[in-house]
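Everything on this sheet refers to the single structure shown next.
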Amino acid sequence: MKENVKALFQPIRVGGIELKNRIVMPPMDTCAFNFDGTVTPKLMPYMRNRAKGGVGLIIQECADTSWPEGKNGPRELRMDVPDSITFLHDMTNVVHSFGTKIILQLNHAGFQANPINCEGKQSVCPSDFNGARAMTHEEVLKVIQDFIVCAYNAKLAGYDGVELHAAHGYLLNCFLNPVINQREDEFGGAIENRFRMVGEIIKGIREKCGWPFIISVRLGSVDNPGNTLQESAEIARMCEQAGADMVNMSSGFNPPMNTNPTQWAEEGLYIPFSEEVKKKVSIPVAIVGKLKTPEFCADVIKNGSADLVCIGRQLLCDPEWPNKIMQDRINEIRPCLSCFDGCMGALLTRNEITRCSINPYVGFEDFQSENNVPKTAEPKKVLVVGGGISGMQFAIISARRGNQVILAEKEDHLGGQMMLAGMTPHKEAVLKALKWFEEECVRRGVEIHLNRNVDMDYVNTVKPDQVVLAAGAVFAMPPIEGIENAVNGADVIARKIETKPGQNIVVIGGGVAGAELAHRIIVEGGKAAVLEMLPEICRGGELFHTMLLKDYLNKNATVLTSVAVKKINPDSVEYEDADHARHTIPADLTAVCAGQRKMGLDLYEQLLAEGYEAYRIGNNERAANFLNATRSAFELAYTI
């Protein structure tokens with residue numbers, strides 16, 4: 001282990017319990033539960049892998065304290081009844097076997113509880129707010145007891161403690177918030193009264209569960225509107241006085257992008273929160289917020305900015321993050337993209353188990369483990385055609401299974417469209433991930449052939465047992481009048497064709513690639529117009545990135561949707577709007593990002609015709625983002 005990261009591995013006492021290091025996995029939704037709140041078999045191997053990876057403390061995602069009216073989502077752990085205690089006890093035993101401690105986050109969603117998930121019950125809040133009704137005094141007292149009961153059930157299940165979720169606009173956060181909480185009883189008004197609910201829960205848990213039993217409070221640092229950072233620091237001090245062992249600082253009542261820092265945010269953006277709170281408390285302070293880089297995280301501890309660092313999405317992407325740091329294998333860490341496509345996308349748009357765009361094992365740990373890849377009974381020579389993300393992912397797993405893998409790529413570098421994706425603003429992490437895939441191929445013994453245009457002569461020379469076509473797709477040039485006056489958008493993204501500040505550049509196609517190219521053009525001083533035939537741009541893009549990108553382009557570019565491009569001239573583009581009116585827009589350069597064309601289909605047919613065992617994956621099989629590309633490669637690598 002290098003000297004500059006040793007601070008991460010210093011033990012620390014939280015209450016009466018010692019943690020082996022300063023690395024915390026914060027609570028992240030997995031959907032590893034049934035609709036009735038019981039546990040699915042997916043939770044155990046998911047938690048086992050994170051504990052085995054070397055993390056010091058796991059804070060398990062929120063369990064609902066007041067079923068069903070307090071549910072945050074459709075698939076959430078229920079802890080007010082003992083139904084899952086036996087299974088959970090087995091799981092906590094497994095976590096403990098790796099020297100890792102685990103606590104359970106407890107939450108009531110408050111006004112954010114959707115009646116659809118709550119058996120039709122209206123959501124509640126300290127006061128009438130955003131469609132939620134004000135809680136009665138009796139309901140407040142009941143919820144306090146609900147938290148205490150759930151904490152005791154967590155103790156029976158073997159957890160080392162609990163965390164109260166008092167951030168992100170949930171019920172406890174709303175009680176602390178002076179704008180939302182307009183109550184006139186002892187639970188509203190002055191800060192001491194607004195804190196009363198949290199304080200009584202802390203005291204009740206301590207009385208019921210005893211000591212040592214970690215009580216952590218996840219606090220919102222800055223509400224918008226609501227508490228200032230200084231007021232939140234005072235609330236942290238009150239938590240300590242009430243008996244809390246730790247505070248975990250995060251964002252407060254804010255839009256979701258502030259809760260989940262995207263590619264647009266800087267690493268460690270919440271560190272000022274923990275620094276302010278540490279001035280007020282003597283108990284350990286944890287901080288979250290796009291923490292990924294080992295050296296950066298170690299500096300947070302060394303500089304006294306926080307006592308513990310919460311490594312969230314990065315531990316989804318690579319559960320072995322702590323072990324790789326400790327074993328001086330930092331270069332082998334698979335870097336998180338902060339894309340939220342696999343993890344939050346699974347939860348918010350697909351209602352499925354959490355996944356990861358570039359780690360296909362996430363969510364499927366109950367079937368396959370990256371730590372124990374089974375060897376094939378009959379090793380084969382496998383030719384992979386195409387060095388994009390799906391080809392590299394397949395090659396890595398196939399080689400680990402014991403096959404002789406040859407990866408042939410027509411360009412002088414690996415990456416395919418993954419490289420293009422990393423050449424637009426806020427996508428630097430994509431290029432880091434590409435570097436990981438390239439180096440992992442080498443580490444796994446994949447034989448890489450660059451500048452290799454694969455045809456049947458080459459295939460017959462290699463004589464593979466299996467051929468996997470991962471040749472991907474290229475940006476298409478549609479049959480528009482004057483298309484010879486345009487350039488391929490891929491060449492502009494790849495900087496084979498340079499743009500200049502002040503140029504008027506028309507981007508035909510407002511999908512993700514076109515929108516990201518327009519973003520870069522503007523950042524570099526150009527003027528961008530995006531022409532899209534559909535009613536909106538960025539369709540199919542990453543959840544939060546797309547929201548931010550749309551907002552940016554609507555403010556800084558000319559965005560024209562529901563239009564049809566009719567003619568491209570050397571200095572302009574003619575298009576027709578939804579009312580069939582014709583318009584002309586000036587263009588110093590016209591870049592086309594309108595759809596893609598699959599590559600290598602003729603080769604695939606030739607392979608089959610000559611009796612080769614051939615397969616297609618990634619973009620070559622169907623339009624694929626990183627998530628689908630790595631998953632299709634994963635599935636094929638385990639089945640052939």
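Each residue takes its place number in the sequence, starting with 1.
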Practice item. Compare all side-chain heavy atoms of Val179 with those of Asn227 and state whether any distance is below 4.5 angstrom. Key: no
Practice item. Please test Lys2 against Asp328 for side-chain contact (heavy atoms from CB on, under 4.5 Å), starting from the C-alpha separation and ending with a verdict. Key: CA-CA 7 Å; Lys2 292 182 179 178; Asp328 199 15; 3.2 Å; yes
Practice item. Tell me yes or no: between the side chains of Ser338 and Gln263, is some donor less than 3.5 Å from an acceptor? Key: no
Exercise for review: Applying side chain to side chain donor-acceptor pair (under 3.5 Å), run through Thr561 and Glu532 and close with a yes or a no.
Suggested key: CA-CA 5 Å; Thr561 56; Glu532 170 56 46; over 6 Å; no
Practice item. State plainly whether the residues Arg313 and Glu267 are in salt-bridge range, i.e. N to O under 4.0 Å. Key: no
Point to revise | Crowding at CE, Met533 (>12 non-hydrogen neighbours, <6.0 Å) | key: no
Point to revise | Interatomic distance, Asp223 atom CG to Thr228 atom OG1 [nearest 0.5 angstrom] | key: 9.0 Å
Point to revise | Full working for side-chain contact (heavy atoms from CB on, under 4.5 Å) between Asn303 and Val300 | key: CA-CA 5 Å; Asn303 296 338; Val300 171; over 6 Å; no
Point to revise | Donor + acceptor pair across side chains of Asn625, Asp341 (<3.5 Å) | key: yes
Review point. So, for Ala395 and Val446, which heavy atoms are closest and what is the spacing to 0.1 Å?
Key: O-CG2, 3.7 Å
Check your understanding: Salt-bridged, Lys290 to Glu266, with N to O below 4.0 Å?
Key -> no
Got a list of side-chain donor-acceptor pairs under 3.5 Å for residues 500-513, not counting sequence neighbours?
residue	atom	partner	partner atom	Å
Gln503	OE1	Lys500	N	2.7

Exercise for review: Indicate yes or no for a side-chain donor-acceptor contact from Trp321 to the backbone of Gln314 under 3.5 Å, with no hydrogens or angles considered.
Suggested key: no
Exercise for review: Report the C-alpha separation of Val24 and Ile311 in whole Å, then their side-chain angles, then the decisive distance to 0.1 Å, and conclude whether the side-chain contact (heavy atoms from CB on, under 4.5 Å) test is met.
Suggested key: CA-CA 6 Å; Val24 179; Ile311 313 298; over 6 Å; no
Exercise for review: Check whether any side-chain heavy atom of Leu531 sits under 4.5 Å from a side-chain heavy atom of Val573, and report yes or no.
Suggested key: yes
Point to revise | Check: Glu438 main-chain N/O paired with Arg443 side-chain donor or acceptor under 3.5 Å | key: no
Exercise for review: Heavy atoms only: give me the nearest Cys310-Leu291 pair and the separation to one decimal.
Suggested key: O-CD1, 3.8 Å
Review point. Is there side-chain contact between Phe626 and Arg631, with at least one heavy-atom pair below 4.5 Å?
Key: no
Revision key, fill the gap. Separation between CG (Asp588) and CG (Asp571), nearest 0.5 Å, reads 8.5 Å
Point to revise | Side-chain heavy atoms of Tyr552 within contact of Trp264, under 4.5 Å | key: yes
Exercise for review: Measure from the side-chain N and O atoms of Asn359 to the backbone N and O of Cys317, and report whether any donor-acceptor pair falls under 3.5 Å.
Suggested key: yes
Point to revise | Presence of salt bridge, Glu536 and Lys550, under 4.0 angstrom | key: yes
Practice item. Taking the side chain as every heavy atom from C-beta outward, state whether Val530 and Leu560 have any pair of such atoms under 4.5 Å apart. Key: no
Point to revise | Working for side-chain contact (heavy atoms from CB on, under 4.5 Å), residues Val454 and Leu603 | key: CA-CA 8 Å; Val454 176; Leu603 176 62; 3.9 Å; yes
**Study point:** Donor-acceptor under 3.5 Å (Asp29 side chain, Cys31 main chain)
**Key:** no
Exercise for review: Ignoring hydrogens and angles, tell me if any N or O in the side chain of Asn619 forms a donor-acceptor pair with the backbone of Gly472 under 3.5 Å.
Suggested key: no
Review point. Rounded to the nearest 0.5 Å, how far apart are OG1 of Thr546 and CG of Leu548?
Key: 9.0 Å
Review point. Can the positive tip of Arg355 be found less than 6.0 Å from the middle of the six-membered ring of Tyr361, inside 45° of the ring normal?
Key: no
What donor-acceptor contacts under 3.5 angstrom involve side-chain atoms of residues 385-394, with partners at least two apart or in another chain?
none

Point to revise | Thr30 backbone acceptor or donor facing Glu61 side chain under 3.5 Å | key: yes
Review point. If you measure only the distance, is there a donor-acceptor pair under 3.5 Å linking the side chains of Lys567 and Ser572?
Key: no
Review item, side-chain donor-acceptor pairs of residues 425-435, under 3.5 Å, at least two apart:
residue	atom	partner	partner atom	Å
Lys427	NZ	Glu516	OE2	2.7
Lys435	NZ	Glu439	OE2	2.6

Revision key, fill the gap. Value for CD1 (Ile493) from CZ (Arg495), rounded to nearest 0.5 Å, stands at 10.5 Å
Study note, to complete from the structure: Between Val405 and Ser398, the two heavy atoms sitting closest are CG2-OG, 3.6 Å
Check your understanding: Below 4.5 Å, heavy atoms only, C-beta onward: do Leu627 and Pro360 meet side chain to side chain?
Key -> no
Exercise for review: Might you point out which heavy atoms bring Ser251 and Ala167 nearest each other, and give the distance in Å?
Suggested key: O-CB, 3.4 Å
Point to revise | Donor-acceptor contact present, side-chain Arg520 to main-chain Met423, <3.5 Å | key: yes
Review point. Would you say Tyr46 and Thr354 make side-chain contact, with heavy atoms under 4.5 Å?
Key: yes
Check your understanding: Does NZ or CZ of Arg597 lie under 6.0 Å from the centre of the six-membered ring of Phe475, at an angle within 45° of the ring axis?
Key -> no
Practice item. In plain terms, say whether Glu411 and Arg452 are close enough for a salt bridge, that is, a side-chain N and a carboxylate O under 4.0 Å apart. Key: no
**Study point:** Sidechain-backbone polar pair: Glu276 side chain, Leu229 backbone, donor-acceptor under 3.5 Å
**Key:** no
Practice item. State, without any angle test, whether Glu574 and Asn569 hold a side-chain donor-acceptor pair at a distance under 3.5 Å. Key: yes
Revision key, fill the gap. Here the pair of heavy atoms bringing Ile358 nearest to Arg334 is O-NE, 3.4 Å
Exercise for review: Please round to the nearest 0.5 Å and tell me the distance separating atom CG of Leu601 and atom CG of Leu469.
Suggested key: 7.5 Å
**Study point:** Within-4.5 Å side-chain heavy-atom neighbours: Ile537 and Leu553
**Key:** yes
Point to revise | is_close_aromatic(Phe253, His168), centroid dist under 6.0 Å | key: no
Point to revise | Crowding at CZ, Arg539 (>12 non-hydrogen neighbours, <6.0 Å) | key: no
Revision key, fill the gap. Output for pair (His545 NE2, Cys538 SG), nearest 0.5 Å, gives 7.0 Å
Revision key, fill the gap. Of all heavy-atom pairs linking Asp455 and Tyr458, the shortest is OD1-N, 2.9 Å
Review point. Would you say Ser274's side chain and Ser305's backbone share a donor-acceptor pair under 3.5 angstrom?
Key: yes
Check your understanding: Is there a donor-acceptor pair closer than 3.5 Å between any side-chain N or O of Asn488 and the backbone N or O of Ala490?
Key -> yes
